Every structure is written in structure tokens, then in C-alpha cells.
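Order of listing sets the numbers, starting from 1, for every ligand and every atom in it. Keep in mind that this is a model prediction, so the values were computed, not measured.
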Amino acid sequence: MDAAKIDQLRERVKGRVMVPTDEGYDEARSVFNGMIDKRPAVVVRAENAGDVVAAVNLAHETGVDLAVRGGGHSVPGFGTCDDGIVIDLSGMRGVQVDASAQTARAQGGATWGDFNDATYPFGLATTGGIISTTGVGGLTLGGGIGYLTRGFGLSLDNLVGADVVTADGRQMHATERENEDLFWALRGGSGNYGVVTSFEFALHPVKDIYGGPMFYELSDAEAVLKFYREYIADAPEEMGAFPAFQIAPPLPFIPEDRHGDTFIAIVACWAGPIERGEDAFKPFHDVAPVVAEHVGPAPYPAMNSAFDALYPPGQLQHYWKTSFVKELTDEAIDAHLQHGPQVPVVNSTVHIYPINGAAHRVAPDATAFAYRDANFATVIAGMWPDPSQNDANITWVRDYYDATAPHSEEGGYVNFMSGDDQGRIQANYRGNYERLVDVKRKYDPGNLFHLNQNIKP
Ligand SMILES: Cc1cc2nc3c(=O)[nH]c(=O)nc-3n(C[C@H](O)[C@H](O)[C@H](O)COP(=O)(O)OP(=O)(O)OC[C@H]3O[C@@H](n4cnc5c(N)ncnc54)[C@H](O)[C@@H]3O)c2cc1C
């Protein structure tokens with residue numbers, strides 16, 4: 001990009017503007033997935049909505065690629081690009097709570113850790129992801145599945161308003177009553193519709209929870225999965241719980257001679273009255289002998305960051321696949337039993353997240369997130385440290401996905417998809433796809449925001 005344009009941008013922008021020769025550029029161009037190694041022409045670390053407008057306008061004017069980065073967790077690495085402009089929102093992480101209205105406003109680059117830290121002192125929370133380093137931005141715009149989904153819906157179901165910089169450089173407010181079409185598309189349409197500089201969420205009374213992981217022998221995996229599918233269908237909605245195939249990390253609560261062994265685990269979080277937590281966990285203790293567990297009362301933010309250390313930013317290669325699942329049939333369980341125990345490294349995992357309860361009480365066309373009749377979102381999350389092992393790990397993810405796909409829906413959760421899943425976009429949105437295209441034509445006819453699971457205008 002020519003130097004005069006960069007100088008002009010520096011004059012307009014309050015945050016840092018970094019080009020390849022600047023100190024900090026290498027850190028500024030990197031994202032969570034260590035497999036992604038891209039070199040943008042310029043990174044704009046925005047400090048306010050005006051900075052975002054300046055960067056959007058420059059992208060519009062020059063026609064170069066534009067990447068928008070919230071928390072940077074996108075597995076395909078959508079938060080960076082080669083030769084284009086990156087809007088890095090990590091300088092905009094403020095969260096303001098209105099405790100009496102039970103709402104919070106989060107800036108576009110906040111993480112769930114930032115969010116929880118701000119809301120916890122008021123005994124309030126909303127649905128976020130399973131770990132705390134994920135961005136509020138990308139997670140909410142694609143859906144938002146976490147411990148509180150069964151009780152309070154997806155993250156996007158709790159969104160009540162958004163400030164958005166659209167492709168023409170305007171700032172718009174979107175709610176159920178203002179720019180309703182944009183607000184509808186933002187709730188599930190991922191990063192396709194603009195840069196959200198501020199998200200407003202409804203909050204719920206959640207402070208301390210009862211939760212943690214329980215590890216069972218692989219020989220009990222069939223019993224655990226069959227129990228789980230029955231149990232979670234009508235479990236109390238205060239319970240968020242998912243099964244996982246997991247290699248035991250070297251943690252003190254796991255017997256030392258079992259570190260490195262593969263288990264089936266259930267990770268559960270009871271957000272109801274804390275004194276009922278132990279009782280609520282009884283079914284998990286009855287299903288099979290628990291080899292190791294770390295379960296008990298904890299602040300919600302501690303539960304939400306308990307696994308952060310397993311996923312260090314930039315140090316793991318990521319390749320993921322996902323499907324929505326209506327029924328976890330015996331055949332689907334057989335496919336899991338065949339491939340789950342082959343999980344190759346401690347960081348990799350398979351989670352079968354429940355998306356019933358409150359998430360089912362939203363009509364499929366009320367937001368862009370269409371799969372309201374699916375009971376589960378499965379993610380086969382390949383995450384490994386050594387790039388020389390890429391082929392083996394990617395093969396494990398693909399073989400596992402191929403085995404479960406016949407027992408799953410055609411679509412999968414956009415936030416768990418890989419870069420090679422663009423062909424599934426239409427299936428992911430089902431009957432909402434045409435309306436998403438119409439809204440895209442209205443707000444981004446030139447497809448400026450195309451580095452995402454792209455909805456073409
Ligand atoms: C380790 C790990 C754990 C995860 N756990 C969960 C989980 O528990 N539940 C779950 O639902 N998902 C989870 N995810 C998936 C996650 O939701 C997606 O990766 C999501 O896209 C991440 O959002 P981000 O802001 O961190 O990522 P980014 O890479 O910054 O952004 C992802 C996409 O969203 C867009 N975007 C981000 N912020 C904004 C914004 N403010 N305005 C406009 N567009 C924006 C980007 O342009 C990009 O297209 C996890 C991912 C990882 C890597």
C-alpha cells in the first residue's frame with residue numbers, strides 16, 4: 001500500500017497503525033491458530049469507532065482485503081490476511097455493566113474473560129464460550145455455545161443491541177426496533193455485515209456455580225454416552241454438561257500413573273442454587289466409576305477459564321470439523337466409540353455440546369441461527385503443537401467427521417468450521433440463507449467483509 005495512504009491513515013487514527021517494518025508488527029499480525037502465517041500490509045489497532053471507520057473507508061477506497069479481528073480465535077484465521085488491512089479490536093476491550101437493568105455493554109474486542117470479570121462482582125453473567133480467551137465478537141456473531149446455553153440460550157439470543165460500522169463507513173445502531181434487518185442478520189451471520197464496536201447483552205443472576213470435569217474409563221464410554229443423551233434431553237436447564245474424549249493432562253487431581261491415558265469425560269456446570277450442586281451431580285457419579293474429578297463450588301469466571309492453559313495462543317495448529325445433530329443414535333455413538341479413543345494429543349478433543357433448553361425456544365427464523373431443532377453441536381477439535389504432525393492430526397479429524405456425518409445434519413455451527421467448509425454455508429443457514437443474502441446486498445453489496453464464513457451478496 002502506498003506510503004501516502006498509510007500517512008493519511010496515521011493522521012486519522014488514534015490507535016497504532018503498524019506496517020511490516022514497525023516494531024510489534026509480528027505480534028500484531030498473528031492469530032490464535034499457529035498454522036496461520038499471513039502478512040498484512042497494515043494493522044490498525046483501533047481504539048475507538050472512529051478508527052474503525054477510517055480503516056473501513058481505506059479498504060473501500062483501495063479495494064484491498066479487509067480482515068476484522070476480535071479475540072482472534074477463528075480457526076480458519078479470518079482475523080488476518082495477506083497484503084490487506086487488519087482491523088485489530090484488541091485495544092477495545094472495555095465492558096460496562098448496568099446492574100439495575102441487568103445489561104452489559106462490551107466493546108468489539110473484549111474477551112469472555114474481560115466480560116466475566118466485569119459482571120461477576122454484580123452476581124451476573126450471560127452465555128459465553130467454554131474458555132475465557134475467546135472473543136465476545138466472533139463467538140456472539142456466529143452463535144455462542146457454552147455452559148449457560150441450556151438456561152439462557154445462545155450468546156446471540158442475549159444480544160439486545162449493537163453498534164456497527166457498515167461497509168460504507170457509517171455507524172449504525174441495531175436492535176429489535178432499529179435497523180431490525182441488520183440486527184437479525186448479525187445474530188448468526190458471523191462477520192458478514194460490518195464491524196461491531198459495541199455489543200449490549202442481557203444478563204442473568206449467576207455468580208458461583210458447582211462444576212468441573214469427571215473422567216471415566218474408556219471401557220465405560222458407551223454407557224456414558226448413552227446415559228448422557230437420555231439425561232440431557234430433559235435435565236434441569238441450570239445444568240450445562242458435555243461429554244469429551246480427552247487425554248489426561250498432568251494435573252494434580254488425576255493419578256500420576258494415569259497422566260497421558262485417554263478417557264471419556266463429562267464436563268458439567270450447575271448454575272442453579274449452589275447447595276443443590278452435589279445432588280445435581282449424582283447422575284454423573286452413578287453412571288460409572290469416576291477415575292478422577294475436580295468438581296465443586298467455584299466462581300463462574302473460574303469455571304469459564306479452567307481449561308485456558310490447554311490452549312495457549314499461537315502455539316497450537318488448529319483444524320476443526322463440526323456438525324449439528326438431532327439424535328445421538330446408537331450408530332452415531334458407535335462412530336464416536338471408534339474414533340474418539342484415537343484422539344492423538346492432549347490438546348485435541350471432541351465435545352458434544354447440548355443446544356436444547358432455552359436455545360430451542362427461539363424460532364428458527366427469529367435470528368439467522370437456523371438449527372433450533374438440533375439437540376447437539378459436535379466439534380472435532382484438532383489442536384496440536386508440532387507442525388510436522390499436521391497430516392496425521394488433520395486425517396484424524398477428517399476420518400472422525402466422515403464417520404459421524406451420516407448420523408448428523410448437513411449443516412454445522414459456523415464458529416467451529418474450518419476454511420475448507422465454505423461449501424456448507426448455505427446448509428448451515430437453511431431457510432434463512434436467502435434473507436441473509438438480501439441483507440448482505442443491502443449493507444455490503446461489494447462484499448467488503450468477505451474474510452469470514454462468507455455469505456455472498
Ligand atoms: C480454543 C477455542 C475455544 C472455543 N470455544 C468455543 C465455545 O466454547 N463456544 C463457542 O460457541 N465457540 C467457541 N470457539 C469458536 C469461536 O466461537 C470462534 O472461533 C469465534 O469466531 C471466535 O471469535 P473471536 O472474536 O475470538 O475470533 P476472530 O478470529 O477475531 O473473529 C472470528 C470472526 O468473527 C469476526 N469478528 C470478530 N469480532 C468482530 C466484531 N467485533 N465485529 C465484526 N466481526 C467480528 C471476524 O471478522 C471473523 O470473521 C472456540 C474457539 C477456540 C479456538
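Considering both main-chain and side-chain atoms, Gly129 never comes within under 3.5 Å of ligand 1 through any nitrogen or oxygen pair. The shortest N/O to N/O separation between Gly191 and ligand 1 does not fall below 3.5 Å. At a 3.5 angstrom cut-off on N or O pairs, Gly137 does not count as close to ligand 1. The N/O atoms of Gly146, backbone and side chain alike, include none that comes under 3.5 Å of an N/O atom in ligand 1.
Note on ring orientation: taking the six-membered ring where Trp is involved, the planes of Phe215 and Phe263 are perpendicular (angle over 60°, cut-offs 30° and 60°). Between Phe115 and Phe201, the ring-plane angle classifies as perpendicular under the 30° and 60° cut-offs. Classification of the Tyr228-Phe376 ring pair by plane angle, with boundaries at 30° and 60°, yields tilted. The aromatic rings of His351 and Phe242 lie tilted to each other, with the angle between the two planes from 30° to 60°.
No side-chain donor-acceptor contact under 3.5 Å links Gln453 and Ser190. Between the side chains of Tyr443 and Asp181, at least one donor N or O lies within less than 3.5 Å of an accepting N or O. In summary, the side chains of Tyr120 and Asp208 do present a donor paired with an acceptor at a separation below 3.5 Å, with no hydrogens or angles considered. A donor atom on one side chain and an acceptor atom on the other are found under 3.5 Å apart for Asn447 and Asn454. Of the N and O atoms on the side chains of Thr197 and Gln171, at least one donor lies less than 3.5 Å from an acceptor on the other residue. His450 and Asp65 are linked by a side-chain donor-acceptor pair at a separation below 3.5 angstrom, with hydrogens and angles left out of the test. Counted by atom type alone, Ser418 and Asp420 present zero donor-acceptor pairs between their side chains at under 3.5 Å. His336 and Tyr400 share a side-chain donor-acceptor pair at under 3.5 Å.
Below 4.0 Å from some heavy atom of Arg69 lie the following atoms of ligand 1, by number and element: 30 (O). In summary, the atoms of ligand 1 found under 4.0 Å from a heavy atom of Phe32, numbered by their order in the structure, are 1 (C), 53 (C). Atoms of ligand 1 lying under 4.0 Å from any heavy atom of Phe78, numbered from 1 in the order shown and given with element: 48 (C), 49 (O). Residue Gly108 has at least one heavy-atom neighbour below 4.0 Å for each of these atoms of ligand 1: 41 (N). Using a 4.0 Å cut-off to heavy atoms of Leu451, the atoms of ligand 1 that qualify are 49 (O). Atom numbering of ligand 1 starts at 1 in the shown order; those under 4.0 Å from a heavy atom of Ile130 are 7 (C), 8 (O). For ligand 1, the atoms closer than 4.0 angstrom to any heavy atom of Val195 are 42 (N), 43 (C). Close contacts of ligand 1 with Asn452, meaning ligand atoms under 4.0 Å from a residue heavy atom, involve 49 (O).
Classification of Asp88 and Arg45 as a salt-bridged pair holds, one side-chain N sitting under 4.0 Å from a carboxylate O. Looking at Lys14 and Asp51, no side-chain N of the basic residue comes within less than 4.0 Å of a carboxylate O on the acidic one, giving no salt bridge.
Of the candidates Thr134, Val164, Thr149, Leu89, Thr134 brings a heavy atom nearest to atom 3 (C) of ligand 1. Around atom 28 (P) of ligand 1, the closest heavy atom drawn from Gly79, Gly138, Gly144, Gly72 belongs to Gly72. The heavy atom nearest to atom 51 (C) of ligand 1, considering only Phe449, Phe416, Tyr193, Trp320, is found in Trp320.
Among protein heavy atoms, atom 7 (C) of ligand 1 sits closest to Ile145 O, 3.5 Å. Ranking the protein heavy atoms by distance from atom 43 (C) of ligand 1 puts Gly194 O, 3.1 Å first. In terms of protein heavy-atom proximity, atom 15 (C) of ligand 1 is closest to Asn415 O, 3.5 Å. Nearest protein heavy-atom neighbour of atom 26 (O) of ligand 1: Gly135 N, 2.9 Å. What sits closest to atom 22 (C) of ligand 1 on the protein, heavy atoms only, is His73 CB, 3.7 Å. When only non-hydrogen protein atoms are considered, atom 41 (N) of ligand 1 lies nearest to Val196 O, 2.9 Å. Shortest contact from atom 11 (O) of ligand 1 to any protein heavy atom: Tyr413 OH, 2.6 Å. Ranking the protein heavy atoms by distance from atom 32 (C) of ligand 1 puts Ser74 CB, 3.7 Å first.
The side chain of Leu141, and not its backbone, has at least one atom closer than 4.0 Å to an atom of ligand 1 (non-hydrogen atoms only; side chain from C-beta on).
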